[in-house]
Colleague: 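Before we start, here is the structure in question, set down as structure tokens.
In the text below, chain A, chain B and the rest are named by the order of the sequence lines, each starting its count at 1.
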Amino acid sequence: MVGEGILKGLAETARNFFGSYVSKDRLTTVQYPEQREPQIEATRDFPFLVYDGADWQQGMRCVACQICEKECPPKCIFIEKSKDKKPDAFGKMQIYPATFNIDISVCMSCQICVEVCPFDAIKMDVEYHQSSDDRFGALLLNKQRLSKSNEYYNAIHPTEASAVDAQRAEELAKLEAKAKAAAEVKAAAEAKAAADANPALNASPQQPAGDPQ
Amino acid sequence: MSTATLAAASLNLEPANESGMDQLLEIAMGPQHPSTHGVFRMNVVLDGERVVRLKPVFGYLHRNHEKIAENETYLGSMPYTDRLDYMCPLTNNWAYALAVEKLAGIQVPERAEYLRVITGELTRLQNHTCLIGFLMQDMGASGTPLMYAFRQREIILDLFEALTGARMMCNYMRFGGCRVDLPAGWLDQAKKVVAGFPRFLDEYESLLVSNEILMDRTQDVGVLSKELAISAGISGPMARASGVDYDIRKVDHYSIYDRFAFRVPLGSHGDVYDRFMIRLLEMRESVNILQQAMRDIPEGPIVDPKTKIRGFRPKPGEAYGRIEGPKGELGFYLVSDGSPNPYRYRVRPPSLINLTILEDLCLGRNVADIVVILGSIDIVMGEVDR
């Protein structure tokens with residue numbers, strides 16, 4: 001019968017129309033911005049810099065190694081190294097970025113900077129309300145605007161951040177153990193040197209401060 | 001044929017009434033036309049309603065993809081491949097990763113192969129869903145089928161976002177595997193989506209397949225003969241709708257496709273209706289593959305540990321990696337001279353090659369059919385122009 005197919009199709013639209021009153025998967029509309037869908041954890045848009053502790057300048061993890069700047073496909077990162085050094089989270093003296101700019105009008109959110117960063121310093125943000133009427137100033141993020149705390153990182157990507165934190169804690173523990181072992185070895189060597197104080201000529205060569213195992 | 005030749009040919013259209021045919025009308029459809037799937041122009045010469053000549057003009061979205069890739073590291077052009085066929089980023093990633101793996105001789109772990117198949121087939125589902133929605137929109141079925149298609153597609157894109165971090169610009173595959181493992185609960189969610197997909201297909205089919213208007217608009221329209229399909233290098237669902245039994249998943253056995261039982265649907269008429277039906281049938285087969293893959297996926301590493309992310313330099317040589325993308329044969333040809341960036345990088349885009357026969361399909365048809373035929377080819381201008 002001519003028209004049978006059309007009627008069948010209309011029955012389908014009717015099912016969807018009435019179904020939308022009872023079934024959530026037939027009515028998926030969300031009244032943005034009043035209602036918002038919960039954000040998916042893995043979501044990424046633009047990079048930000050992670051800092052530990054309360055002060056963004058002191059706790060900045062970035063050591064201005066410029067790997068992300070080199071690897072960034074659209075070359076949207078600009079870094080200038082500092083002249084002086086500051087201690088990083090592991091207590092080692094490191095240089096830090098004097099300038100760190102990301103032009104998010106160029107950034108394509110590919111996450112390659114995050115993958116190549118050996119210091120877990122750059123991560124992907126989820127903040128998508130970036131619209132502005134200032135095309136150049138507002139979309140060129142400087143070091144201060146890029147810096148966000150580790151707590152913020154933990155809040156937006158809990159699984160990933162806790163894995164990173166655990167890894168860093170392990171590294172720190174390892175370093176501390178190493179430092180402690182080195183100190184013990186040094187103390188033992190000093191004690192030994194003090195014990196056979198006189199024959200200073202054949203003093204044992206300084207032991208390497210290696211792994212305690 | 002290069003874009004330049006086509007553009008030149010389009011400018012050299014002779015005066016419309018040279019062969020004694022008067023009343024010919026030359027019009028430009030596009031580039032800003034909602035039915036052109038992007039910025040694409042067709043210079044059409046019409047005799048009344050009939051198409052006498054049609055010249056496709058493209059290049060409006062050209063962004064030098066291949067040359068950019070030659071100045072990028074191998075990894076650096078991975079995110080750019082997302083932007084080729086922006087409807088299906090994961091298959092683009094896959095084809096590129098496959099070419100580089102061939103070039104550098106990298107093995108892919110088992111689990112990563114499964115992840116690739118799962119994401120690739122999900123991509124095929126969402127691409128075909130969308131395509132049918134767009135085709136209906138082109139045909140004048142404003143809204144309803146497209147909205148149903150997009151509703152379903154969004155569910156799959158949510159899966160992509162949960163896995164890769166982005167709905168469309170996934171940047172997920174890496175040389176020798178994938179970037180991240182499945183997050184907790186992802187597989188269950190995906191199983192649920194795939195299990196619900198046949199119901200969507202049933203509904204969609206009862207909405208459209210036997211619709212008389214659709215049949216009138218599509219049957220015997222834009223017939224592509226088997227011979228022309230083969231000689232023009234047409235691939236993918238378009239070739240199969242013309243009865244060409246050519247599916248690279250079956251021909252090349254790339255990745256782990258020989259482990260799954262699935263059929264390759266073939267059309268017999270090669271018209272728009274067959275192309276539409278082929279996609280519906282292919283989606284059912286994809287659901288099949290997905291169910292098998294999600295059942296069998298093993299534990300294990302997801303990336304070859306020997307592959308470096310930075311300082312990746314394959315030894316000199318060349319390689320061509322190709323996969324059965326949702327639109328056809330998607331291939332990447334790479335020449336390495338041992339430096340960190342490819343010496344030559346070439347994409348074989350299925351959309352472009354399938355588009356080359358547009359004139360043959362449209363000659364003698366009405367203007368309104370052009371839109372439908374173009375819609376059934378399934379093009380994405382990001383891939384055509386590169």
Colleague: With a 4.5 angstrom heavy-atom cut-off, which part of A/Leu10 approaches chain B: side chain, backbone, both or neither?
Modeller: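 No part of A/Leu10 comes within 4.5 Å of chain B.
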Colleague: Chain A: which of B/Glu72, B/Glu203, B/Arg179 shares the most heavy-atom pairs with it under 4.5 Å?
Modeller: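 The residue among B/Glu72, B/Glu203, B/Arg179 with the greatest pair count is B/Glu203.
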Colleague: Can you confirm whether A/Tyr128 is buried at OH, in the sense that more than 12 heavy atoms of other residues, nucleotides or ligands lie under 6.0 Å from that atom?
Modeller: yes
Colleague: Please determine, among A/Leu7, A/Thr43, A/Thr13, the option with the most heavy-atom pairs under 4.5 Å with chain B.
Modeller: A/Thr43
Colleague: What's the shortest heavy-atom distance between B/Leu207 and A/Gly9, and which atoms?
Modeller: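 In terms of heavy atoms, the two residues are closest at CD1-O, 3.3 Å.
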Colleague: Highest number of heavy-atom pairs under 4.5 Å with chain A: which of B/Pro145, B/Gly165, B/Ser206, B/Ser77?
Modeller: B/Gly165
Colleague: Given that the side chain runs from C-beta out, which part of B/Asp158 has a heavy atom under 4.5 Å from chain A: side chain, backbone, both or neither?
Modeller: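 When you check distances to chain A, atoms from both the backbone and side chain of B/Asp158 fall under 4.5 Å.
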Colleague: Does any non-hydrogen side-chain atom of B/Met169 lie less than 4.5 Å from one of A/Ser109?
Modeller: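 No, their side chains stay 4.5 Å or more apart.
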Colleague: Counting only heavy atoms closer than 4.5 Å, note whether B/Arg167 contacts chain A via side chain, backbone, both or neither.
Modeller: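 Neither part.
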Colleague: Please identify, among A/Thr159, A/Ile40, A/Val126, the residue contributing the most non-hydrogen atom pairs under 4.5 Å to chain B.
Modeller: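 Among the listed options, the one with the most contacts to chain B is A/Ile40.
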Colleague: Among A/Pro73, A/Cys72, A/Ala42, which has the most heavy-atom pairs under 4.5 Å with chain B?
Modeller: A/Pro73
Colleague: Taking the side chain as everything from C-beta on, heavy atoms only, tell me whether A/Pro74 gets closer than 4.5 Å to B/Tyr80.
Modeller: yes
Colleague: Please rank B/Arg83, B/Gln152, B/Glu154 by heavy-atom pairs under 4.5 Å with chain A and give me the top one.
Modeller: B/Arg83
Colleague: I need the single residue from A/Asn16, A/Leu27, A/Thr29 that forms a side-chain contact (heavy atoms from CB on, under 4.5 Å) with B/Arg151. Which is it?
Modeller: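 So, applying the side-chain contact (heavy atoms from CB on, under 4.5 Å) to B/Arg151 and each of A/Asn16, A/Leu27, A/Thr29, only A/Asn16 qualifies.
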Colleague: If you count heavy-atom pairs under 4.5 Å with chain A, which of B/Ile213, B/Thr144, B/Thr73, B/Leu75 comes out on top?
Modeller: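 Option with the greatest count: B/Leu75.
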Colleague: With side chains defined as the heavy atoms from C-beta onward, is the minimum distance between B/Val180 and A/Gln111 less than 4.5 Å?
Modeller: no
Colleague: By a 4.5 Å heavy-atom criterion (distance strictly below it), what part of B/Tyr148 contacts chain A: side chain, backbone, both, or neither?
Modeller: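 For B/Tyr148, the contact with chain A is made by the side chain alone.
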Colleague: Please name the pair of heavy atoms, one in B/Glu212 and one in A/Gly5, separated by the smallest distance, quoted to 0.1 Å.
Modeller: OE2-N, 3.2 Å
Colleague: Which bit of A/Arg15 comes within less than 4.5 Å of chain B, counting heavy atoms only: side chain, backbone, both or neither?
Modeller: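 For A/Arg15, the side chain is the part near chain B, not the backbone.
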Colleague: Please find the pair of heavy atoms, one from A/Lys8 and one from B/Ser210, that lie closest to each other, and give the distance.
Modeller: NZ-OG, 3.9 Å
Colleague: Whether the A/Arg44 and B/Asn171 side chains hold a donor-acceptor pair (N or O, under 3.5 Å, no angle test) is what I'd like checked.
Modeller: no
Colleague: Specify which of A/Lys75, A/Met108, A/Glu4, A/Glu37 makes the most heavy-atom pairs with chain B at under 4.5 Å.
Modeller: A/Met108
Colleague: Mark yes when over 12 heavy atoms from residues, nucleotides or ligands other than A/Arg135 sit less than 6.0 Å from its CZ; otherwise mark no.
Modeller: no
Colleague: How about residues 183-195 of chain B versus chain A: which residues have heavy atoms under 4.5 Å apart?
Modeller: none
Colleague: Do A/Lys70 and B/Arg310 have side chains that get closer than 4.5 Å, going by heavy atoms?
Modeller: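 Counting from C-beta outward, A/Lys70 and B/Arg310 never come under 4.5 Å.
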Colleague: Given heavy-atom pairs under 4.5 angstrom as the criterion, report whether the side chain, backbone, both or neither of B/Glu161 touches chain A.
Modeller: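 B/Glu161 touches chain A through backbone and side-chain heavy atoms alike.
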